[in-house]
Amino acid sequence: MDDLRDKYIDLIANAGDEASLEDLRVQAVGKKGEISLKMRELGKMTPEERQIMGPKLNALKDEINTALSAKKEALADAALNERLKSEWLDVTLPARDARVGTIHPVSQVIEEVTTIFADMGFSVAEGPQIDTDFYNFDALNIPGHHPARAEMDTFYMHRAEGDNRPPHVLRTHTSPVQIRHMEKHGAPCRIIAPGRVYRADYDQTHTPMFHQVEGLAIDKDISMANLKWVLEEFFAAFFEVKGIKTRFRASHFPFTEPSAEVDIQCSWEDGQLKIGEGDGWLEVLGSGMVHPKVLQAAGVNPDEWQGFAFGMGIDRIAMLKYGIPDLRAFFDSDLRWLRHYGFASLDVPTLHGGLSR
Ligand code: PHE
């Protein structure tokens with residue numbers, strides 16, 4: 001019996017894992033285990049023998065069971081320690097660099113533009129990117145035969161035969177938001193409408209999808225002078241150049257009369273573009289006094305109300321402000337480009353904190 005005891009105590013002490021320990025348990029005290037078989041032999045013994053062997057065997061069984069559960073616990077502890085060691089983590093290390101993702105220059109510039117115009121009392125309006133040709137063209141005084149329709153390189157939505165809903169287009173400019181806003185809210189109003197627009201065009205300065213911000217201010221006595229002041233205030237704040245010069249060139253849009261294209265002052269020296277100095281000019285937007293027919297189409301009485309509108313290219317002013325040479329890269333989703341030109345996500349532009357930290 002002592003041999004049996006020594007054998008199992010030794011085997012248990014040397015068991016390497018819980019599975020081999022379980023094998024030992026079956027071998028020793030399982031139903032057909034060595035010790036269990038010995039206990040069965042008790043029946044064949046004389047009462048005297050049984051009185052000695054019975055308690056001895058029971059004590060042996062208890063001792064083996066105790067050794068088994070002690071070893072089982074020790075193995076579990078060791079396994080846990082091993083796991084804790086491999087999953088060890090230093091929680092005092094600095095957090096991961098917060099700039100793993102960045103704000104796209106277009107989103108940044110929309111925030112900046114919104115901040116500046118909000119300060120002048122403009123609120124933000126929105127319209128659908130898929131719109132009817134009525135809102136994109138007719139209501140803006142661009143009838144079906146007008147060359148502007150062709151010039152805009154419009155994407156038309158597919159129409160199944162027999163579909164008699166009005167034709168839909170991907171909006172070619174943000175000007176339809178003028179109509180939708182006045183239809184719903186009437187006059188007076190003072191809004192900007194930033195968003196995506198679409199034209200079938202692709203080269204270094206054109207992509208089929210790009211961004212514009214529309215401006216619209218309607219009241220009893222709004223004039224071109226107000227337009228000029230608002231835009232000059234905007235450019236000075238946006239480009240962070242006090243007294244930046246603008247040039248208004250007579251132009252033509254079907255939805256404004258008179259119309260002007262607006263340039264901002266710049267210099268080109270040693271291939272370096274600087275905004276707000278020198279005697280060069282860069283075109284940045286179209287504008288004018290809202291055409292009476294446009295007011296009428298939107299349900300606003302042109303004998304009572306008047307005002308200005310403008311449409312500015314967001315990607316273009318982003319390229320100018322942040323020195324980004326190729327428009328196409330804006331929409332390539334190249335992580336290296338995004339990390340280079342992107343903005344930290346918590347640096348929300350504010351007028352007091354600076355627009356472009
Ligand atoms: N919608 C014009 C364009 O996309 C810009 C514009 C808007 C001009 C408002 C005048 C007034 O080119």
Side-chain angles (χ1 to χ4, degrees), residues 106 110 113 117 122 124-129 131-143 146-155 169-182 187 189-201 205-218 222-228 230-231 234-235 246-264 282-298 300 302 305-318 327:
V106 168
I110 289 176
V113 169
F117 279 105
F122 287 75
V124 174
E126 282 182 314
Q129 293 176 43
D131 214 338
T132 60
D133 63 352
F134 171 77
Y135 285 105
N136 196 79
F137 294 124
D138 301 83
L140 289 162
N141 194 31
I142 315 174
H146 199 282
R149 284 213 188 195
E151 277 161 31
M152 293 255 201
D153 299 308
T154 312
F155 287 112
V169 300
L170 290 178
R171 67 177 180 192
T172 57
H173 50 181
T174 43
S175 299
V177 186
Q178 290 184 32
I179 307 295
R180 288 183 172 275
H181 185 82
M182 287 190 284
C189 74
R190 216 187 287 184
I191 54 139
I192 57 165
R196 291 180 170 176
V197 299
Y198 302 83
R199 291 179 201 177
D201 207 351
T205 53
H206 297 89
T207 49
M209 185 282 296
F210 59 106
H211 300 80
Q212 284 189 336
V213 56
E214 194 79 7
L216 176 69
I218 304 291
I222 287 187
S223 72
M224 288 290 274
N226 300 116
L227 171 67
K228 188 159 197 281
V230 163
L231 290 178
F234 168 75
F235 290 126
T246 55
R247 185 170 74 172
F248 282 62
R249 268 182 300 104
S251 182
H252 174 79
F253 299 103
F255 32 92
T256 46
E257 184 60 36
S259 303
E261 282 177 313
V262 179
D263 305 337
I264 53 170
L282 265 170
E283 185 193 324
V284 284
L285 61 86
S287 65
M289 295 299 290
V290 179
H291 198 291
K293 283 190 175 172
V294 172
L295 294 172
Q296 211 153 32
V300 167
W305 304 97
Q306 64 180 42
F308 66 75
F310 63 83
M312 180 161 53
I314 287 180
D315 319 83
R316 186 168 173 77
I317 61 170
L327 176 64

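Indexing begins at 1, ligand by ligand and atom by atom, following the structure's order. The basis for the numbers below is simple: all heavy atoms, side chains too, and nothing from hydrogens, waters or symmetry mates.
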Study note, to complete from the structure: In this structure, atom 7 (C) of ligand 1 is nearest to the protein heavy atom G311 N, 3.2 Å
Practice item. Examine S287 against ligand 1 and note whether any of their N/O atoms are separated by less than 3.5 Å. Key: no
Point to revise | ligand 1 contacted by M312 (non-hydrogen, < 4.0 Å) | key: no
Exercise for review: Consider ligand 1: state whether an atom of it lies below 4.0 angstrom from any non-hydrogen atom of Q212.
Suggested key: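 In this structure, Q212 qualifies as a contact of ligand 1 - some heavy atom is under 4.0 Å.
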Review point. Taking the side chain from R199 and the backbone from T172, do they hold a donor-acceptor pair closer than 3.5 Å?
Key: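 Side chain of R199 to backbone of T172, a donor-acceptor pair under 3.5 Å: yes, one is there.
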Review point. Is there a donor-acceptor pair under 3.5 Å between the side chain of Q306 and the backbone N or O of I222?
Key: yes
Study note, to complete from the structure: With V262 as partner, the option from L282, L227, L231 fulfilling side chain to side chain contact (heavy atoms under 4.5 Å, CB included) is L231
Tell me which part of [X] gets within contact of ligand 1: side chain, backbone, both or neither, using heavy atoms under 4.0 Å.
X: F255; value: side chain
X: R199; value: side chain
X: S175; value: side chain

Review point. Hey, does the Lys NZ or Arg CZ of R180 hover above the aromatic six-ring of Y135, less than 6.0 Å from the centre and inside 45° of the axis?
Key: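 Geometry flag: set, cation within 6.0 Å and 45°.
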Review point. Does a side-chain N-to-carboxylate-O contact under 4.0 Å join R249 and E283?
Key: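 A salt bridge is present here (some side-chain N lies under 4.0 Å from a carboxylate O).
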Check your understanding: Do D315 and R196 meet the salt-bridge criterion of a basic N to acidic O distance under 4.0 Å?
Key ->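 No, no charged N to carboxylate O under 4.0 Å.
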